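Computed from a prediction, not measured in an experiment: that's the story for all the values here.
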Amino acid sequence: MSYWPWLENARSIVSIILLSVGSIQDVKSREIDDRIWVVFLASAVILNLPGVFNGSVEPAWWLLSAGLQSGLFILLYYAGVYGGADAKGLMCLSLMYPSTPTGFLIDLSTGRLPVAFSTMNNALMLTVLYLPINLFWNISVKLRGVELFKGLEKENLLRRAAALLLLRKVRFSQYCAENSRFLLAERRSRSGVRRIVFSRKMDEKAEQGFKPDEHVFTSFLMPLQVLLLLGLVVRLFYGDILLALSLLVASRLAR
């Protein structure tokens, strides 16, 4: 077996193992040990350095590609697209999988982008799955006799529909017990009027207006590391979901 196939397999095995560890931690506590990223970065360097010496990895393009992708991932982190651990995971993937102009063009012709970028695209596309999950959750709460919009009668139809898809109704006591998994998405004014809040920026005073047995809308904090893991697997075995859809739409329009 040549060095190149061995290197590709090693990259994939190490990346999947480390993202799996991160996913387990993300599901349990929504916190990920930074030592995972240290090991990830060290592994990327150790695996790719032999490729630099035998010519299968071009060091300049490796670092340039990783740097450009990492810069984008950092910008998206500050834009609030995902958390810090998710940005670190994507940055590690950008260093783990070197890219060259030729390799980029070959991947693009087969519906793929650089591994880290496609992993992000796939993960963000997979977040769409949370819409029906949230809807079914809220329907089940409704079937248990909970009035989903009690006290929220002033909210218009569009905001109510968005709440059913984007938020989850839970007992306030459950939110307090599992506040590492949920963000409060309701605010009660001094006059007692309740409003749905889709922003993640809420002050602690917002929690003081609710009783333990009340049901409130919350934003479920997705363990995005799990979706990054799935996004990587999809990229390795299939490609880029978003790019594939874009190419499909473009081909339909071109007819």
Problem - Gap between atom CH2 of W62 and atom CG of N48 - 0.5 Å precision - result: 4.5 Å
Exercise for the section: Keeping the roles fixed (side chain from D26, backbone from I32), state whether a donor-acceptor pair exists under 3.5 Å. Expected result: no
Handout entry: Side-chain heavy atoms of K142 within contact of E147, under 4.5 Å
Key = yes
Exercise for the section: Taking the side chain as every heavy atom from C-beta outward, state whether D86 and M120 have any atom pair closer than 4.5 Å. Expected result: no
Completion exercise
Rounded to the nearest 0.5 angstrom, the CZ-CG distance for R112 and L236 is 8.5 Å
Problem - Within one Ile-Leu-Val-Met-Phe-Trp-Tyr cluster: Y97 and V52, side-chain cutoff 4.5 Å - result: yes
Fill in the blank from the handout: Paired with L167, the side-chain contact (heavy atoms from CB on, under 4.5 Å) test is passed by just one of I196, L183, N134, T218, namely I196
Exercise for the section: For F104 and S99, work out which heavy atoms get closest and say how close. Expected result: CB-OG, 4.2 Å
Practice task
For a salt bridge (charged side-chain N to carboxylate O under 4.0 Å, His left out) with E186, tell me which candidate from R159, R194, K150 qualifies.
Solution key: R194
Exercise for the section: Return each pair, listed once, that meets ring pair (Phe, Tyr, Trp, His ring centres under 6.0 Å) where at least one residue sits in residues 123-164; pairs must be two or more places apart or across chains. Expected result: F149-F217
Handout entry: Rounded distance (nearest 0.5 Å) linking atom CZ of R181 with atom NZ of K28
Key = 10.5 Å
Handout entry: L93 vs S15, side chain to side chain contact (heavy atoms under 4.5 Å, CB included): CA-CA, chis, key distance, verdict
Key = CA-CA 7 Å; L93 284 174; S15 298; 3.9 Å; yes
Handout entry: Hydrophobic cluster partners of L245 (side-chain heavy atoms under 4.5 Å)
Key = M125, V234, Y238, I241, L242
Problem - Whether R160 side chain and E155 backbone form a donor-acceptor pair below 3.5 Å - result: yes
Completion exercise
Rounding to 0.5 Å, atoms CD (E58) and OG (S65) come to a distance of 11.0 Å
Practice task
Supply the atom-to-atom distance I16 CD1 to L230 CG, rounded to the nearest 0.5 angstrom.
Solution key: 10.5 Å
Exercise for the section: Specify the closest pair of heavy atoms between Y175 and L184, including all atoms of both residues, with the distance to one decimal. Expected result: CE1-N, 3.6 Å
Exercise for the section: In sequence, state the C-alpha distance, the side-chain angles, and the governing distance for Y82 and L76, and then conclude on side chain to side chain contact (heavy atoms under 4.5 Å, CB included). Expected result: CA-CA 7 Å; Y82 41 60; L76 292 175; 3.3 Å; yes
Practice task
Please answer: with hydrophobic residues joined when any side-chain heavy atoms are less than 4.5 Å apart, are L75 and L113 in the same cluster?
Solution key: no
Problem - Pairing of D33 and R35 as salt bridge, 4.0 angstrom limit - result: yes
Handout entry: Donor-acceptor under 3.5 Å (E153 side chain, G151 main chain)
Key = yes
Fill in the blank from the handout: In short, S219 meets A185 closest at the heavy-atom pair N-CB, 4.1 Å
Exercise for the section: Find out whether V115 and R11 are in side-chain contact, i.e. whether some heavy atom of one side chain is under 4.5 Å from a heavy atom of the other. Expected result: no
Handout entry: Stepwise side chain to side chain contact (heavy atoms under 4.5 Å, CB included) test for M91 and L95
Key = CA-CA 7 Å; M91 291 167 67; L95 191 66; over 6 Å; no
Completion exercise
Separation between CD (Q225) and CG (L228), nearest 0.5 Å, reads 5.0 Å
Problem - Single-linkage hydrophobic cluster, 4.5 Å side-chain cutoff, L49 and V39 together - result: yes
Handout entry: Check: R171 and P212 side chains under 4.5 Å, non-hydrogen atoms
Key = no
Exercise for the section: Answer with yes or no whether the hydrophobic clustering places Y78 together with F73; edges join I, L, V, M, F, W, Y residues whose side-chain heavy atoms lie under 4.5 Å apart. Expected result: yes
Problem - Heavy-atom closest contact (G231 atom, N122 atom, distance) - result: O-ND2, 3.1 Å
Exercise for the section: Answer yes if I36 and V45 sit in the same cluster of Ile, Leu, Val, Met, Phe, Trp and Tyr residues linked by side chain heavy atoms under 4.5 Å apart, and no otherwise. Expected result: yes
Practice task
Over all heavy atoms of both residues, which pair between Y77 and A87 is shortest? Give the atoms and the distance, please.
Solution key: CB-CB, 4.0 Å
Practice task
Classify the angle between the aromatic ring planes of F40 and W37 as parallel (below 30°), tilted (30 to 60°) or perpendicular (above 60°).
Solution key: parallel
Practice task
Give the intermediate values and the outcome of side chain to side chain contact (heavy atoms under 4.5 Å, CB included) for residues K88 and D34.
Solution key: CA-CA 9 Å; K88 293 173 185 176; D34 280 339; 3.0 Å; yes
